[in-house]
Amino acid sequence: MNKLLKIRDVSSRYDISARALRYYEEVGLIESIRQDDYAYRLYDENAVRRIEQILILRRLNISIRDIQRIFTSPGSEAVLEVLGKKVDDINGEVELLLELREIVKEFIRQIRQADFTRDDDVKKLYDRAKKIETRIENVSYNGNAADVNRLLEVTEKLRKVPPVRVVRIRPFRAVTSGPDSFENVMGPFQTWQEAHAHLIREMMYGSPDFLWGEEDGKAVWIWAVEDWVTAEHTAPYELITFEGGLYAAAMSIDGDRESYQTVCKRIREWIDSSGFEPDERPGHRTMCHMLDPEEDIRRALGYDQMDIYVPIKLKSEAKEEKEQHED
(Lines give C-alpha, C1' and ligand atoms only; values in the text may rest on other atoms or scores of the structure.)
Protein backbone atom coordinates (compact mmCIF):
# COMPACT_ATOMS: atom_id res chain seq x y z
CA MET A 1 0.00 0.00 0.00
CA ASN A 2 1.23 3.52 -0.77
CA LYS A 3 2.56 5.61 2.10
CA LEU A 4 -0.25 7.70 3.57
CA LEU A 5 0.24 11.32 4.61
CA LYS A 6 -1.78 13.10 7.28
CA ILE A 7 -3.66 16.24 6.32
CA ARG A 8 -1.34 18.18 8.63
CA ASP A 9 1.74 16.87 6.80
CA VAL A 10 0.33 17.73 3.37
CA SER A 11 -0.67 21.19 4.59
CA SER A 12 2.83 21.83 5.95
CA ARG A 13 4.71 20.36 2.97
CA TYR A 14 2.87 22.38 0.35
CA ASP A 15 2.01 25.48 2.42
CA ILE A 16 -1.73 25.03 1.84
CA SER A 17 -4.48 25.33 4.42
CA ALA A 18 -6.37 22.29 5.65
CA ARG A 19 -9.56 24.16 4.76
CA ALA A 20 -8.43 24.38 1.12
CA LEU A 21 -7.71 20.64 1.06
CA ARG A 22 -11.18 19.95 2.42
CA TYR A 23 -12.68 22.23 -0.22
CA TYR A 24 -10.79 20.51 -3.04
CA GLU A 25 -12.24 17.25 -1.79
CA GLU A 26 -15.77 18.70 -1.59
CA VAL A 27 -15.67 19.73 -5.26
CA GLY A 28 -14.27 16.36 -6.34
CA LEU A 29 -10.70 17.36 -7.23
CA ILE A 30 -9.03 14.99 -4.75
CA GLU A 31 -9.96 12.01 -2.60
CA SER A 32 -8.81 11.20 0.91
CA ILE A 33 -8.75 7.95 2.80
CA ARG A 34 -10.38 7.38 6.16
CA GLN A 35 -9.25 4.57 8.45
CA ASP A 36 -11.45 3.16 11.20
CA ASP A 37 -8.80 3.74 13.86
CA TYR A 38 -7.91 7.28 12.74
CA ALA A 39 -10.27 10.26 12.74
CA TYR A 40 -8.47 12.49 10.23
CA ARG A 41 -8.05 12.50 6.46
CA LEU A 42 -5.11 10.66 4.89
CA TYR A 43 -3.73 11.06 1.38
CA ASP A 44 -1.98 8.47 -0.79
CA GLU A 45 0.60 9.11 -3.53
CA ASN A 46 -2.07 9.60 -6.21
CA ALA A 47 -3.87 12.23 -4.12
CA VAL A 48 -0.59 14.03 -3.35
CA ARG A 49 0.31 14.06 -7.06
CA ARG A 50 -3.12 15.51 -7.83
CA ILE A 51 -2.64 18.17 -5.14
CA GLU A 52 0.67 19.17 -6.75
CA GLN A 53 -1.09 19.52 -10.11
CA ILE A 54 -3.83 21.67 -8.54
CA LEU A 55 -1.27 23.96 -6.89
CA ILE A 56 0.60 24.45 -10.17
CA LEU A 57 -2.64 25.31 -11.99
CA ARG A 58 -3.77 27.64 -9.22
CA ARG A 59 -0.38 29.39 -9.31
CA LEU A 60 -1.15 30.05 -12.99
CA ASN A 61 -4.43 31.58 -11.76
CA ILE A 62 -6.50 28.81 -13.36
CA SER A 63 -9.99 28.75 -11.83
CA ILE A 64 -11.32 25.78 -9.88
CA ARG A 65 -14.01 25.32 -12.53
CA ASP A 66 -11.40 25.02 -15.30
CA ILE A 67 -9.31 22.65 -13.16
CA GLN A 68 -12.38 20.46 -12.80
CA ARG A 69 -12.73 20.45 -16.60
CA ILE A 70 -9.09 19.48 -17.03
CA PHE A 71 -9.31 16.57 -14.60
CA THR A 72 -12.64 15.22 -15.89
CA SER A 73 -12.04 15.58 -19.64
CA PRO A 74 -10.35 12.75 -21.56
CA GLY A 75 -7.18 13.52 -23.50
CA SER A 76 -5.36 16.84 -23.52
CA GLU A 77 -7.85 19.08 -25.33
CA ALA A 78 -9.26 20.66 -22.18
CA VAL A 79 -5.88 21.53 -20.64
CA LEU A 80 -4.61 22.92 -23.97
CA GLU A 81 -7.73 25.07 -24.30
CA VAL A 82 -7.45 26.40 -20.74
CA LEU A 83 -3.73 27.13 -21.03
CA GLY A 84 -4.25 28.70 -24.45
CA LYS A 85 -6.80 31.08 -22.93
CA LYS A 86 -4.31 31.87 -20.17
CA VAL A 87 -1.70 32.80 -22.80
CA ASP A 88 -4.27 35.12 -24.41
CA ASP A 89 -4.96 36.72 -21.00
CA ILE A 90 -1.24 37.25 -20.40
CA ASN A 91 -0.83 38.77 -23.85
CA GLY A 92 -3.68 41.15 -23.05
CA GLU A 93 -2.00 42.18 -19.81
CA VAL A 94 1.30 42.74 -21.60
CA GLU A 95 -0.44 45.00 -24.12
CA LEU A 96 -2.04 46.95 -21.29
CA LEU A 97 1.30 47.36 -19.52
CA LEU A 98 2.95 48.57 -22.72
CA GLU A 99 0.14 51.07 -23.23
CA LEU A 100 0.42 52.17 -19.61
CA ARG A 101 4.15 52.77 -20.15
CA GLU A 102 3.44 54.96 -23.16
CA ILE A 103 0.81 56.92 -21.23
CA VAL A 104 3.27 57.61 -18.40
CA LYS A 105 6.02 58.61 -20.87
CA GLU A 106 3.58 61.01 -22.54
CA PHE A 107 2.71 62.60 -19.19
CA ILE A 108 6.41 62.99 -18.42
CA ARG A 109 6.99 64.69 -21.78
CA GLN A 110 4.11 67.11 -21.20
CA ILE A 111 5.26 68.00 -17.68
CA ARG A 112 8.84 68.61 -18.85
CA GLN A 113 7.55 71.16 -21.34
CA ALA A 114 6.23 73.28 -18.47
CA ASP A 115 8.72 75.75 -16.99
CA PHE A 116 7.91 75.91 -13.28
CA THR A 117 9.97 79.08 -12.91
CA ARG A 118 7.43 80.90 -15.08
CA ASP A 119 4.04 81.70 -13.57
CA ASP A 120 2.33 81.55 -16.93
CA ASP A 121 3.57 77.98 -17.56
CA VAL A 122 2.30 76.88 -14.14
CA LYS A 123 -1.07 78.41 -14.98
CA LYS A 124 -1.10 76.55 -18.32
CA LEU A 125 -0.42 73.27 -16.53
CA TYR A 126 -3.23 74.02 -14.07
CA ASP A 127 -5.63 74.87 -16.88
CA ARG A 128 -4.69 71.67 -18.69
CA ALA A 129 -5.32 69.65 -15.54
CA LYS A 130 -8.78 71.20 -15.26
CA LYS A 131 -9.55 70.28 -18.88
CA ILE A 132 -8.39 66.71 -18.26
CA GLU A 133 -10.60 66.53 -15.17
CA THR A 134 -13.59 67.62 -17.26
CA ARG A 135 -12.80 65.03 -19.93
CA ILE A 136 -12.61 62.27 -17.33
CA GLU A 137 -16.17 63.04 -16.31
CA ASN A 138 -17.76 63.78 -19.66
CA VAL A 139 -15.81 62.32 -22.60
CA SER A 140 -15.17 58.68 -23.53
CA TYR A 141 -11.80 57.46 -24.85
CA ASN A 142 -11.11 58.72 -28.36
CA GLY A 143 -7.91 56.85 -29.19
CA ASN A 144 -5.35 59.30 -27.77
CA ALA A 145 -3.04 57.47 -25.37
CA ALA A 146 -2.55 60.66 -23.35
CA ASP A 147 -6.15 60.77 -22.21
CA VAL A 148 -6.44 60.31 -18.48
CA ASN A 149 -9.65 58.30 -18.78
CA ARG A 150 -7.69 55.67 -20.73
CA LEU A 151 -5.14 55.61 -17.92
CA LEU A 152 -7.94 54.87 -15.47
CA GLU A 153 -9.30 52.17 -17.74
CA VAL A 154 -5.93 50.46 -18.16
CA THR A 155 -4.99 50.54 -14.47
CA GLU A 156 -8.42 49.25 -13.49
CA LYS A 157 -8.03 46.25 -15.78
CA LEU A 158 -4.58 45.54 -14.38
CA ARG A 159 -5.66 45.75 -10.77
CA LYS A 160 -5.99 42.27 -9.25
CA VAL A 161 -6.76 42.99 -5.62
CA PRO A 162 -10.10 44.41 -4.40
CA PRO A 163 -9.98 47.83 -2.72
CA VAL A 164 -9.42 48.12 1.00
CA ARG A 165 -12.37 49.10 3.18
CA VAL A 166 -12.50 50.19 6.82
CA VAL A 167 -14.90 48.35 9.14
CA ARG A 168 -15.65 48.58 12.83
CA ILE A 169 -16.37 45.24 14.48
CA ARG A 170 -18.54 45.64 17.55
CA PRO A 171 -17.80 43.55 20.66
CA PHE A 172 -19.67 40.25 20.81
CA ARG A 173 -19.80 37.08 22.90
CA ALA A 174 -18.18 34.07 21.29
CA VAL A 175 -17.14 30.48 21.85
CA THR A 176 -13.44 29.91 21.18
CA SER A 177 -11.41 26.88 20.23
CA GLY A 178 -8.53 28.27 22.26
CA PRO A 179 -4.97 28.00 20.88
CA ASP A 180 -4.68 24.56 19.28
CA SER A 181 -3.21 22.83 16.25
CA PHE A 182 -4.84 23.83 12.99
CA GLU A 183 -5.85 20.22 12.54
CA ASN A 184 -7.81 20.19 15.80
CA VAL A 185 -9.30 23.63 15.26
CA MET A 186 -10.61 22.64 11.84
CA GLY A 187 -11.63 19.19 13.09
CA PRO A 188 -13.17 18.70 16.56
CA PHE A 189 -14.02 22.37 17.11
CA GLN A 190 -15.78 22.70 13.77
CA THR A 191 -17.61 19.42 14.43
CA TRP A 192 -18.74 20.77 17.82
CA GLN A 193 -19.95 23.99 16.21
CA GLU A 194 -21.99 22.12 13.61
CA ALA A 195 -23.61 20.05 16.37
CA HIS A 196 -24.47 23.20 18.37
CA ALA A 197 -25.63 25.42 15.52
CA HIS A 198 -28.62 26.56 17.60
CA LEU A 199 -26.20 28.53 19.82
CA ILE A 200 -24.58 30.37 16.95
CA ARG A 201 -25.56 33.95 16.23
CA GLU A 202 -26.81 34.37 12.67
CA MET A 203 -25.98 37.51 10.73
CA MET A 204 -26.28 38.73 7.15
CA TYR A 205 -23.30 36.68 5.96
CA GLY A 206 -23.77 33.76 8.32
CA SER A 207 -22.32 33.80 11.81
CA PRO A 208 -19.52 36.22 12.74
CA ASP A 209 -16.47 33.98 13.04
CA PHE A 210 -12.77 34.81 12.87
CA LEU A 211 -9.63 32.71 12.60
CA TRP A 212 -6.07 33.80 13.36
CA GLY A 213 -2.66 32.26 13.86
CA GLU A 214 -0.57 32.38 17.01
CA GLU A 215 3.21 32.89 17.16
CA ASP A 216 3.78 29.25 18.21
CA GLY A 217 2.14 27.96 15.02
CA LYS A 218 -1.21 27.25 16.65
CA ALA A 219 -4.52 28.73 15.55
CA VAL A 220 -7.57 30.23 17.28
CA TRP A 221 -11.09 30.17 15.89
CA ILE A 222 -14.04 32.01 17.45
CA TRP A 223 -17.77 31.82 16.67
CA ALA A 224 -20.30 34.45 17.78
CA VAL A 225 -23.09 33.08 19.97
CA GLU A 226 -26.49 34.38 21.04
CA ASP A 227 -26.66 36.62 24.10
CA TRP A 228 -28.49 34.01 26.20
CA VAL A 229 -25.72 31.40 25.82
CA THR A 230 -23.80 30.56 29.02
CA ALA A 231 -20.50 28.81 29.73
CA GLU A 232 -22.44 25.63 30.46
CA HIS A 233 -23.75 25.63 26.89
CA THR A 234 -20.29 25.99 25.35
CA ALA A 235 -18.39 23.47 27.51
CA PRO A 236 -15.77 22.12 26.99
CA TYR A 237 -14.95 25.26 25.00
CA GLU A 238 -14.54 28.67 26.63
CA LEU A 239 -17.05 31.51 26.35
CA ILE A 240 -15.36 34.89 25.79
CA THR A 241 -16.16 38.48 24.88
CA PHE A 242 -14.46 39.55 21.67
CA GLU A 243 -13.49 43.19 22.12
CA GLY A 244 -13.81 44.18 18.45
CA GLY A 245 -12.15 47.27 17.04
CA LEU A 246 -11.31 49.08 13.83
CA TYR A 247 -9.96 47.05 10.90
CA ALA A 248 -8.73 47.53 7.34
CA ALA A 249 -10.22 44.69 5.30
CA ALA A 250 -9.98 43.25 1.79
CA MET A 251 -10.93 40.01 0.08
CA SER A 252 -8.55 37.16 -0.64
CA ILE A 253 -9.09 33.68 -2.09
CA ASP A 254 -9.20 30.97 0.56
CA GLY A 255 -6.41 28.43 0.30
CA ASP A 256 -4.38 30.55 -2.11
CA ARG A 257 -1.24 31.49 -0.19
CA GLU A 258 -0.08 33.93 -2.87
CA SER A 259 -3.43 35.71 -2.85
CA TYR A 260 -3.33 35.96 0.96
CA GLN A 261 0.18 37.43 0.98
CA THR A 262 -0.64 39.86 -1.84
CA VAL A 263 -3.77 41.13 -0.09
CA CYS A 264 -1.98 41.52 3.25
CA LYS A 265 0.77 43.50 1.52
CA ARG A 266 -1.78 45.69 -0.27
CA ILE A 267 -3.63 46.41 2.99
CA ARG A 268 -0.41 47.43 4.76
CA GLU A 269 0.61 49.65 1.84
CA TRP A 270 -2.81 51.27 2.04
CA ILE A 271 -2.42 51.82 5.79
CA ASP A 272 0.98 53.50 5.28
CA SER A 273 -0.58 56.03 2.89
CA SER A 274 -3.76 56.64 4.91
CA GLY A 275 -4.79 58.49 8.04
CA PHE A 276 -4.48 55.23 10.00
CA GLU A 277 -1.68 53.15 11.44
CA PRO A 278 -1.47 49.50 12.61
CA ASP A 279 -3.02 48.78 15.98
CA GLU A 280 -0.43 46.62 17.73
CA ARG A 281 -2.04 46.51 21.15
CA PRO A 282 -2.36 43.08 22.78
CA GLY A 283 -5.47 41.27 21.60
CA HIS A 284 -5.51 43.00 18.22
CA ARG A 285 -4.32 40.74 15.45
CA THR A 286 -4.69 40.08 11.75
CA MET A 287 -7.68 37.76 11.25
CA CYS A 288 -9.53 35.91 8.51
CA HIS A 289 -13.25 35.53 8.00
CA MET A 290 -14.80 33.10 5.54
CA LEU A 291 -17.84 34.30 3.64
CA ASP A 292 -20.22 31.37 3.45
CA PRO A 293 -22.48 31.65 0.40
CA GLU A 294 -24.71 28.90 -0.90
CA GLU A 295 -23.00 25.94 -2.54
CA ASP A 296 -24.11 26.82 -6.07
CA ILE A 297 -22.60 30.30 -5.65
CA ARG A 298 -19.30 28.82 -4.49
CA ARG A 299 -19.19 26.52 -7.49
CA ALA A 300 -20.00 29.38 -9.86
CA LEU A 301 -17.15 31.45 -8.41
CA GLY A 302 -14.73 28.54 -8.48
CA TYR A 303 -13.23 29.50 -5.12
CA ASP A 304 -14.09 30.41 -1.53
CA GLN A 305 -14.11 34.09 -0.58
CA MET A 306 -12.07 35.05 2.48
CA ASP A 307 -11.88 38.49 4.08
CA ILE A 308 -8.62 39.52 5.74
CA TYR A 309 -8.83 41.99 8.63
CA VAL A 310 -5.80 44.01 9.81
CA PRO A 311 -6.28 46.01 13.07
CA ILE A 312 -5.84 49.76 12.69
CA LYS A 313 -6.33 52.97 14.63
CA LEU A 314 -6.50 56.63 13.69
CA LYS A 315 -3.16 58.39 13.70
CA SER A 316 -4.70 61.09 15.87
CA GLU A 317 -5.55 58.43 18.47
CA ALA A 318 -2.00 57.09 18.32
CA LYS A 319 -0.65 60.62 18.86
CA GLU A 320 -2.87 61.11 21.90
CA GLU A 321 -1.73 57.79 23.37
CA LYS A 322 1.91 58.77 22.87
CA GLU A 323 1.39 62.17 24.55
CA GLN A 324 -0.38 60.56 27.51
CA HIS A 325 2.46 58.06 27.88
CA GLU A 326 5.07 60.85 27.82
CA ASP A 327 3.13 62.76 30.50
Side-chain angles (χ1 to χ4, degrees), residues 7-8 11 17-27 32 34 39-41 162 165-214 218-256 260 263 282-301 303-311:
I7 188 171
R8 175 178 55 196
S11 177
S17 70
R19 180 191 286 271
L21 290 172
R22 294 173 190 271
Y23 175 63
Y24 293 157
E25 187 169 346
E26 288 177 12
V27 298
S32 64
R34 294 294 187 94
Y40 300 106
R41 290 171 168 82
R165 64 190 189 279
V166 175
V167 297
R168 183 177 294 280
I169 301 176
R170 303 296 179 183
F172 60 84
R173 301 171 76 244
V175 56
T176 176
S177 65
D180 204 343
S181 69
F182 196 87
E183 189 175 54
N184 284 337
V185 169
M186 298 302 297
F189 182 68
Q190 185 174 18
T191 300
W192 180 92
Q193 185 272 332
E194 291 170 352
H196 296 77
H198 62 288
L199 305 180
I200 303 304
R201 182 181 178 187
E202 291 296 329
M203 299 290 285
M204 181 177 179
Y205 296 111
S207 59
D209 69 294
F210 296 98
L211 177 72
W212 63 82
E214 298 283 289
K218 294 183 178 180
V220 177
W221 197 0
I222 65 172
W223 289 85
V225 296
E226 298 288 355
D227 292 339
W228 52 265
V229 173
T230 67
E232 293 181 2
H233 294 113
T234 62
Y237 296 105
E238 184 182 359
L239 183 65
I240 65 169
T241 297
F242 179 71
E243 62 183 291
L246 202 60
Y247 290 84
M251 195 198 83
S252 176
I253 297 175
D254 183 41
D256 190 325
Y260 175 84
V263 173
H284 295 254
R285 76 281 289 176
T286 297
M287 313 180 301
C288 300
H289 168 68
M290 288 293 302
L291 298 179
D292 189 22
E294 299 172 359
E295 182 61 27
D296 57 345
I297 297 177
R298 292 173 60 193
R299 292 184 182 277
L301 287 171
Y303 55 84
D304 272 346
Q305 301 174 95
M306 178 175 71
D307 276 345
I308 299 174
Y309 292 82
V310 177

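Position 1 is the first residue of the sequence, and the numbers go up from there.
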Considering all heavy atoms, the nearest [X]-[Y] contact:
{"X": "S252", "Y": "I308", "value": "CB-CD1, 3.6 Å"}
{"X": "R41", "Y": "S32", "value": "CG-OG, 3.5 Å"}
{"X": "W192", "Y": "P236", "value": "NE1-CD, 4.2 Å"}
{"X": "K218", "Y": "D180", "value": "CB-O, 3.2 Å"}
{"X": "F172", "Y": "A224", "value": "CD1-CB, 3.6 Å"}
{"X": "A249", "Y": "V167", "value": "CB-CG2, 4.4 Å"}

For this session: Would you please test E214 and W212 for side chain to side chain donor-acceptor pair (under 3.5 Å) and show each step?
Result: CA-CA 7 Å; E214 298 283 289; W212 63 82; 2.9 Å; yes

Heavy-atom side-chain contact between [X] and [Y] under 4.5 Å:
{"X": "T234", "Y": "T176", "value": "no"}
{"X": "V175", "Y": "I222", "value": "no"}
{"X": "L246", "Y": "P311", "value": "no"}
{"X": "L239", "Y": "R173", "value": "yes"}
{"X": "Y247", "Y": "I169", "value": "yes"}
{"X": "F189", "Y": "W223", "value": "yes"}

Given 3.5 Å as the limit, does a donor-acceptor pair link the side chain of [X] with the main chain of [Y], or not?
{"X": "S177", "Y": "W221", "value": "yes"}
{"X": "R170", "Y": "R168", "value": "no"}
{"X": "T191", "Y": "G187", "value": "yes"}
{"X": "H233", "Y": "V229", "value": "no"}

Problem set entry | E232, CD atom: more than 12 neighbouring heavy atoms under 6.0 Å | no

Exercise. Sequence neighbours excluded, which residues qualify as side-chain contact (heavy atoms from CB on, under 4.5 Å) partners of S181?
Worked result: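 With neighbours one apart ignored, the set is E183, N184.
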
Problem set entry | Residue pair R165, D307: steps toward the side-chain contact (heavy atoms from CB on, under 4.5 Å) verdict | CA-CA 11 Å; R165 64 190 189 279; D307 276 345; 2.7 Å; yes

For this session: Kindly assign one of parallel, tilted or perpendicular to the pair F242 and F210, based on the angle between their ring planes and the thresholds 30° and 60°.
Result: parallel

Problem set entry | Distance-only polar pair, side chains of H198 and E226, donor-acceptor under 3.5 Å | no

Problem set entry | Reported CE-to-NE2 distance for the pair M306 and H289, which is rounded to 0.5 angstrom |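 Nearest 0.5 Å value for the CE-NE2 distance: 11.5 Å.
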
Exercise. What is the distance from atom CD of Q190 to atom CG of D209, rounded to the nearest 0.5 Å?
Worked result: 9.5 Å

For this session: Let me see the working for I200 and Q193 under side-chain contact (heavy atoms from CB on, under 4.5 Å), right down to the final yes or no.
Result: CA-CA 8 Å; I200 303 304; Q193 185 272 332; 3.4 Å; yes

